[in-house]
Engineer: 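The structure under discussion is supplied below as structure tokens; questions concerning it will follow.
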Amino acid sequence: MEEMFKTALETLSFITEAIAGLVIGVAIVQATWSVLKIMVSRKPSDRAKEDVRLHLARWLAVGLEFTLAADIIRTAIAPTWDEIGKLATIAALRTVLNYFLEREIQSDLRQERKEVEGFQQAKPGN
């Protein structure tokens, strides 16, 4: 029974890692396509570049969450100090990545609000 449980968790961990790879792979393809479209446009905007970067970063964070889940599952099977250290490193990396990503998203939203407010104030009749 215990061996069957370990096998099931190993399979689940493998599937979770495969999903992480798929998420990251699709994000890379989308970002590459977006970058190519920006490169061939006559006047690429900094905003478009920033949107691609933030979009990719968000999906990388999702992929990292899946890898963390896979490592948690794997560590639950037979935790070694090496696996626990790897799990702690991934958790710390995810936390730092999410912290800075959230800061950038909030900064980006504040900038958008300022631009919208500036546009509304500049409209005739205001």
Engineer: Between E83 and T80, is any pair of side-chain heavy atoms under 4.5 Å apart?
Structural biologist: yes

Engineer: If I compare all heavy atoms of T67 with all of A20, which pair ends up nearest, and what's the gap?
Structural biologist: CG2-CB, 3.6 Å

Engineer: If I take atom CD from residue Q111 and atom CD from residue E50, how far apart are they, to the nearest 0.5 angstrom?
Structural biologist: 10.0 Å

Engineer: Begin from the C-alpha positions of E104 and S107 and carry the test side chain to side chain contact (heavy atoms under 4.5 Å, CB included) through to its verdict.
Structural biologist: CA-CA 5 Å; E104 284 197 42; S107 174; 5.5 Å; no

Engineer: Looking at every non-hydrogen atom in both residues, tell me the closest pair between V52 and A31 and how far apart they are.
Structural biologist: CG1-O, 4.0 Å

Engineer: Going from CG on L68 to NZ on K86, what distance comes out if it is rounded to the nearest 0.5 angstrom?
Structural biologist: 11.0 Å

Engineer: Supply the atom-to-atom distance K49 NZ to L54 CG, rounded to the nearest 0.5 angstrom.
Structural biologist: 14.0 Å

Engineer: Let me check something: do Y99 and V96 share a hydrophobic cluster, defined by ILVMFWY side-chain heavy atoms less than 4.5 Å apart, either directly or through other members?
Structural biologist: yes

Engineer: Salt-bridge test for K6 and E2: reply yes if a basic N is under 4.0 Å from a carboxylate O, no otherwise.
Structural biologist: yes

Engineer: What's the separation between atom CD1 in I15 and atom CG in L22, rounded to the nearest 0.5 Å?
Structural biologist: 13.0 Å

Engineer: So W59 and I24, do their side chains get closer than 4.5 Å, heavy atoms only?
Structural biologist: no

Engineer: With a 4.5 Å limit on heavy-atom distance, are the side chains of R58 and V62 in contact?
Structural biologist: no

Engineer: Please round to the nearest 0.5 Å and tell me the distance separating atom CD of E10 and atom CZ of F5.
Structural biologist: 11.0 Å

Engineer: To check you understand the geometry: which heavy-atom pair defines the closest contact between E17 and D71, and what is its length?
Structural biologist: OE2-OD1, 4.1 Å

Engineer: Supply the atom-to-atom distance I84 CD1 to T89 OG1, rounded to the nearest 0.5 angstrom.
Structural biologist: 12.0 Å

Engineer: Nearest heavy-atom pair of T16 and F66: which atoms, and what distance?
Structural biologist: CG2-O, 3.2 Å

Engineer: Any link between L87 and L64 through a network of hydrophobic side chains (Ile, Leu, Val, Met, Phe, Trp, Tyr) touching at under 4.5 Å?
Structural biologist: yes

Engineer: Provide the closest heavy-atom pair for A61 versus L97 in the form atom of the first, atom of the second, distance.
Structural biologist: CA-CD2, 4.0 Å

Engineer: Check this for me, if you would: do R47 and D51 make a salt bridge, where the nitrogen-to-carboxylate-oxygen distance has to be below 4.0 angstrom?
Structural biologist: yes

Engineer: Counting distance only, does the side-chain N/O of S13 pair as donor-acceptor with the main-chain N or O of L9 below 3.5 Å?
Structural biologist: no

Engineer: Using the salt bridge (charged side-chain N to carboxylate O under 4.0 Å, His left out) rule, collect all pairs that involve residues 21-38, keeping only residues at least two apart or in two chains.
Structural biologist: none

